[in-house]
*Asks:* 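Submitted below is the structure of interest, expressed as structure tokens.
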Number of protein chains: 2
Amino acid sequence: MARVTMADVAKEAGVSKSTVSQFINKRYEYMGEDTKKKIDEAIKFLGYQPNYLARSLKQKRTSMIGIIVGNIMHRLSTEVSRSIEDYCHKHDIHAILCNADDNPEKERKYIEVLHAKQVDGLIIFPTGQNLDLYQKLIDEDYPVVFMDRKIEGLKANYVVAANCDATVESIKHLISRGHTKIAIATQPLMISPRIDRLKGYKQALSEAGIPLIKEYMIHAEREQINHELEKLFALKEPPTALFAGNDLVFIEILEFFKDKQMKIGKDAALIVFDNIPLAHLAETQVTTIAQPGYEMGQKAAEILLKQINKEQNDVHEHVFPCELIIRESS
Amino acid sequence: MARVTMADVAKEAGVSKSTVSQFINKRYEYMGEDTKKKIDEAIKFLGYQPNYLARSLKQKRTSMIGIIVGNIMHRLSTEVSRSIEDYCHKHDIHAILCNADDNPEKERKYIEVLHAKQVDGLIIFPTGQNLDLYQKLIDEDYPVVFMDRKIEGLKANYVVAANCDATVESIKHLISRGHTKIAIATQPLMISPRIDRLKGYKQALSEAGIPLIKEYMIHAEREQINHELEKLFALKEPPTALFAGNDLVFIEILEFFKDKQMKIGKDAALIVFDNIPLAHLAETQVTTIAQPGYEMGQKAAEILLKQINKEQNDVHEHVFPCELIIRESS
DNA sequence: TTGTAAGCGTTATCAG
DNA sequence: CTGATAACGCTTACAA
């Protein structure tokens, strides 16, 4: 089943390769009707399909972009990815998705491979551990947009959520409900969103004149969170409200509460940073901070395509406000 | 910033292109130490990165495969995709993921584009509506594995779950708990898993001598399910148990129950076909039928790579048993 | 041990 | 309006 090439079509139709190429690329302007028909028939007859690889090599553009997510398990990753894909689809370009799995080695490999495969640009949820590589891409003028996480000292296009502001708002909400003993649980402070959320937490408390308590601030790997919660609620003065730094932390909290037969909203108020798909279906509907994943994805794709088409070269930080959705748990 | 090519490296190192190529491909066997070093230095100095596109064109293999999922929102899709990616990663090949969004047009486009981009093979969760295309791939000897859904009259490699058997088991379980008024809700019967699950449902009931009741069998688009449930529970004899055909149907049921202030397990027993991530954390832990997504993904990837490497040509249907996980809801 | 040259399947440039 | 011909960046016999 030798694949049929343009040369075969040309021979079959009795024209030259270049004419077939014109036809394929719809540059019919100066093409005779009969030539067109002959080529069309030959293509159908042979079942010809152009080889995009060869075309890309020649054109130096693959019409593909890469998305490298830090961890596909985060709700935001999937929302944003779908949004980007949507946008690209409309612009006839393909988005390919890779999952770094919070592993800087994997991230490095994906960046290198996608680059070598000549994808036209990259949208990265950076692990933050490959500064040299990020910098190299930028120095090279390779189109790239960083998503969700800012990298200290890296001047680039960013699309991020207003993590600090949103957290401030949510903590203030808890305070307005009479809470003063408010704890926060996040994964380790390796990336900017977590740092910014903690910053917001601290800011809101100190603006309200509530002293920070070290024991109320948990930053642990997913597997350790359970253990940390154990300690937290064993304190002489356990918190009356809890801020979950993201959807994965929320799941850990859920596990913990289930295990201890504690009830969300009753044994502690809860706010989760991240939209939880079933938040409104839970026994106690949970208050969340929704990030505009769709809009963020659209924006990232838009900037990237502009870079690719050389319509824009200056870099920006695009910050998206979040929405506090108050439900029963707070 | 003109990209640096192999020719540049060759010039810089004072050797020929082919020598550099050897070096890149680690065919050092007959290479002088000093040549190696010169090339290595030149590569580092110029920051050379090979162009995989050109290589692929020459080698007629891209080391990429495509995954086309019917709908990324299904839990199984993501589980299987991750598993496939895992397997591929170990074999140094890249998996790229596309979401047909239950849209046969999109599916067709993705298949055509991936094929044109010369991916080495395809794993498809078929919509079922593009028989001609599926058949064409197979006639062409193009490596392809169909996942989750069987296509009537298409001889090919399949990796599917034992939908009928698992459903029989679960319905029998409900019967053993004393239920006789058992309803089933699925999305429209367009694809084999849904048909097979319904078959299992019918089989289990008739084996138990329980007559089938038409009103107990819902097959509706997601948006209509709510409405159908309404009718179902307005029956003179509403069911005491409910079988949800998949995870999306489950969410609709959850919505409905929440809305009606009904309690799962109390107002009706429930079994869901599909593993639900938070099944064990729900207020009433829900009984599920778990499909071995990881194993299915590994198997599909394995078969596909064998086909690609021409190690295997005969086609099979690989059926994976599922596990009924009994929790509080049934 | 390394170099030469011919492809891989397109597209682009320029004649005719 | 159509056809040669030269790229694109790499691999691979085969020659040296």
Side-chain angles (χ1 to χ4, degrees), chain A residues 1-40 42-43 46-64 112-113 115-120, chain B residues 1-40 42-43 46-64 112-120 140:
Chain A
M1 67 108 231
R3 259 181 88 70
V4 13
T5 90
M6 220 164 71
D8 300 323
V9 176
K11 179 136 46 98
E12 178 72 26
V15 299
S16 80
K17 276 199 306 178
S18 17
T19 309
V20 178
S21 176
Q22 313 270 51
F23 180 86
I24 294 291
N25 293 291
K26 309 218 191 327
R27 314 258 351 106
Y28 311 114
E29 309 177 19
Y30 307 109
M31 200 173 299
E33 274 307 323
D34 50 338
T35 323
K36 262 196 265 188
K37 184 181 284 177
K38 272 190 306 187
I39 296 178
D40 193 45
I43 288 177
L46 298 172
Y48 168 70
Q49 295 220 240
N51 181 333
Y52 286 11
L53 218 56
R55 165 191 297 191
S56 295
L57 177 60
K58 183 69 194 180
Q59 291 185 158
K60 290 161 161 283
R61 112 198 280 290
T62 53
S63 300
M64 295 198 301
E112 285 174 348
V113 169
H115 189 244
K117 284 200 196 293
Q118 316 295 112
V119 304
D120 297 333
Chain B
M1 74 108 241
R3 258 180 88 69
V4 13
T5 88
M6 220 164 71
D8 299 323
V9 176
K11 181 137 39 102
E12 178 71 26
V15 298
S16 82
K17 277 198 308 177
S18 33
T19 309
V20 177
S21 175
Q22 314 271 50
F23 180 87
I24 293 292
N25 294 292
K26 309 217 196 317
R27 314 258 350 106
Y28 309 117
E29 309 177 18
Y30 307 109
M31 201 173 299
E33 274 309 321
D34 51 337
T35 322
K36 263 196 266 188
K37 184 181 285 179
K38 273 190 306 189
I39 296 177
D40 193 44
I43 287 177
L46 298 172
Y48 169 70
Q49 295 219 240
N51 180 332
Y52 285 13
L53 220 56
R55 165 193 296 193
S56 296
L57 179 58
K58 181 69 191 181
Q59 291 186 158
K60 291 160 160 280
R61 116 197 275 292
T62 53
S63 300
M64 295 198 303
E112 285 173 348
V113 169
L114 290 181
H115 188 245
K117 283 201 196 296
Q118 316 296 112
V119 305
D120 297 333
E140 238 183 56

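Here is how names work: the chains are called A, B, and so on, in the same order as the sequence lines, proteins then strands, and each is numbered from 1.
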*Asks:* Roughly how many Å is it from CZ in B:Phe23 to P in C:dT1, rounded to a whole number?
*Replies:*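 My rounded result for the distance is 16 Å.
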*Asks:* To the nearest 0.5 Å, how far apart are CD in A:Gln118 and OH in B:Tyr52?
*Replies:* 10.5 Å
*Asks:* Expressed in angstrom and rounded to an integer, what is the separation of B:Ile24 atom CD1 from D:dT12 atom P?
*Replies:* 13 Å
*Asks:* As an exercise, state the distance from CD of A:Glu12 to CD1 of A:Ile39, rounded to the nearest 0.5 Å.
*Replies:* 12.0 Å
*Asks:* Indicate yes or no for a side-chain donor-acceptor contact from A:Asn25 to the backbone of A:Gln22 under 3.5 Å, with no hydrogens or angles considered.
*Replies:*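 Looks like no, no N/O pair under 3.5 Å.
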*Asks:* Regarding A:Thr35, tell me which of base, sugar-phosphate or nothing describes its non-hydrogen contacts under 4.0 Å with the strands shown.
*Replies:*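 Since only primed, P, OP1 and OP2 atoms lie under 4.0 Å of A:Thr35, the category is sugar-phosphate.
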*Asks:* Report the distance from atom CZ of A:Arg55 to atom CG of B:Leu57, rounding to the nearest 0.5 Å.
*Replies:* 13.5 Å
*Asks:* If you look at every strand shown and take non-hydrogen atoms under 4.0 Å, does A:Thr5 touch a base, only sugar-phosphate, or nothing?
*Replies:* sugar-phosphate
*Asks:* Assign each of B:Ser18 and A:Ala7 to its nearest nucleotide of DNA chain C by heavy atoms, then name whichever residue's nucleotide is nearer the 5' end.
*Replies:*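 Looking at the nearest nucleotide for each, B:Ser18 comes out on the 5' side.
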*Asks:* At under 4.0 Å between heavy atoms, what does B:Tyr48 touch on the DNA or RNA strands: base, sugar-phosphate, or nothing?
*Replies:*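 Sugar-phosphate contact only - B:Tyr48 comes under 4.0 Å of backbone atoms but never of a base.
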*Asks:* Of the listed nucleotides (C:dT10, C:dG3, D:dG9), which one gets closest to any side-chain atom of B:Asn51?
*Replies:*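 Looking only at heavy atoms from C-beta outward on B:Asn51, the closest nucleotide is D:dG9.
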*Asks:* Calculate the interatomic distance between B:Ile39 atom CD1 and C:dT1 atom C1'; express it in whole Å.
*Replies:* 11 Å
*Asks:* B:Leu57 has a side chain; which of C:dC8, D:dC10, C:dA5 sits nearest to it?
*Replies:* C:dC8
*Asks:* Test your reading of the model: is there a side-chain donor-acceptor pair from A:Asp120 to the backbone of A:Arg61, 3.5 Å cut-off?
*Replies:* no
*Asks:* What bend angle does the helix from C:dT1-D:dA16 to C:dG16-D:dC1 show across its length, from five-pair end axes and to the nearest 10 degrees?
*Replies:* 40°
*Asks:* Can you tell me how far C1' of C:dT2 sits from NZ of B:Lys38, to the nearest Å?
*Replies:* 10 Å
*Asks:* Report yes or no: does A:Lys11 contribute a side-chain atom to a donor-acceptor pair with the main-chain N or O of A:Met6 at less than 3.5 Å?
*Replies:*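 No.
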*Asks:* Quickly work out the B:Met6 CE to D:dA7 P distance and round it to whole Å.
*Replies:* 17 Å
*Asks:* Counting distance alone, no hydrogens or angles: does the base of D:dA7 have a donor or acceptor under 3.5 Å from a partner atom on the side chain of A:Lys58?
*Replies:* yes
*Asks:* What's the CD-C1' distance between A:Gln59 and C:dC8, to the nearest Å?
*Replies:*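 To the nearest whole Å, that distance equals 17 Å.
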*Asks:* Nearest to the side chain of A:Gln22, which nucleotide is it out of C:dG9, D:dG3, D:dC8?
*Replies:*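 Selected nucleotide: D:dG3.
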*Asks:* Side chain of B:Lys17, base of C:dT4: donor and acceptor closer than 3.5 Å?
*Replies:*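 Checked by distance alone, the answer is no.
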*Asks:* I'd like to know if A:Ser21 reaches the base of C:dA12 with its side chain, counting only an N/O donor and acceptor under 3.5 Å.
*Replies:*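 Check fails, no donor-acceptor contact within cut-off.
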*Asks:* Measure from the side-chain heavy atoms of B:Ala54 and tell me the nearest of D:dT12, D:dC10, C:dT4.
*Replies:*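 For the B:Ala54 side chain, the nearest candidate turns out to be D:dC10.
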*Asks:* From C-beta outward on B:Val15, which listed nucleotide comes closest to its side chain: D:dT11, C:dG3, D:dC8?
*Replies:* C:dG3
*Asks:* Taking NZ from B:Lys60 and P from C:dG7, how many angstroms apart are they, rounded to a whole number?
*Replies:* 14 Å
*Asks:* Rounded to whole Å, please give me the gap between CD in A:Gln118 and C1' in C:dT10.
*Replies:* 15 Å
*Asks:* For residues B:Ser16 and B:Thr19, is any side-chain donor paired with an opposing acceptor at under 3.5 Å?
*Replies:* yes
*Asks:* Given C:dT11, D:dG3, D:dT11, identify the nucleotide with an atom nearest to the side chain of A:Ser16.
*Replies:*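 The answer is D:dG3.
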*Asks:* Side-chain contact test, heavy atoms from C-beta onward, threshold under 4.5 Å: evaluate it for A:Phe23 versus A:Asp40 and give yes or no.
*Replies:*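 Of all side-chain heavy-atom pairs linking A:Asp40 with A:Phe23, at least one is under 4.5 Å.
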*Asks:* Hey, is the side chain of B:Thr19 pairing donor to acceptor with the base of C:dT1 inside 3.5 Å?
*Replies:* no
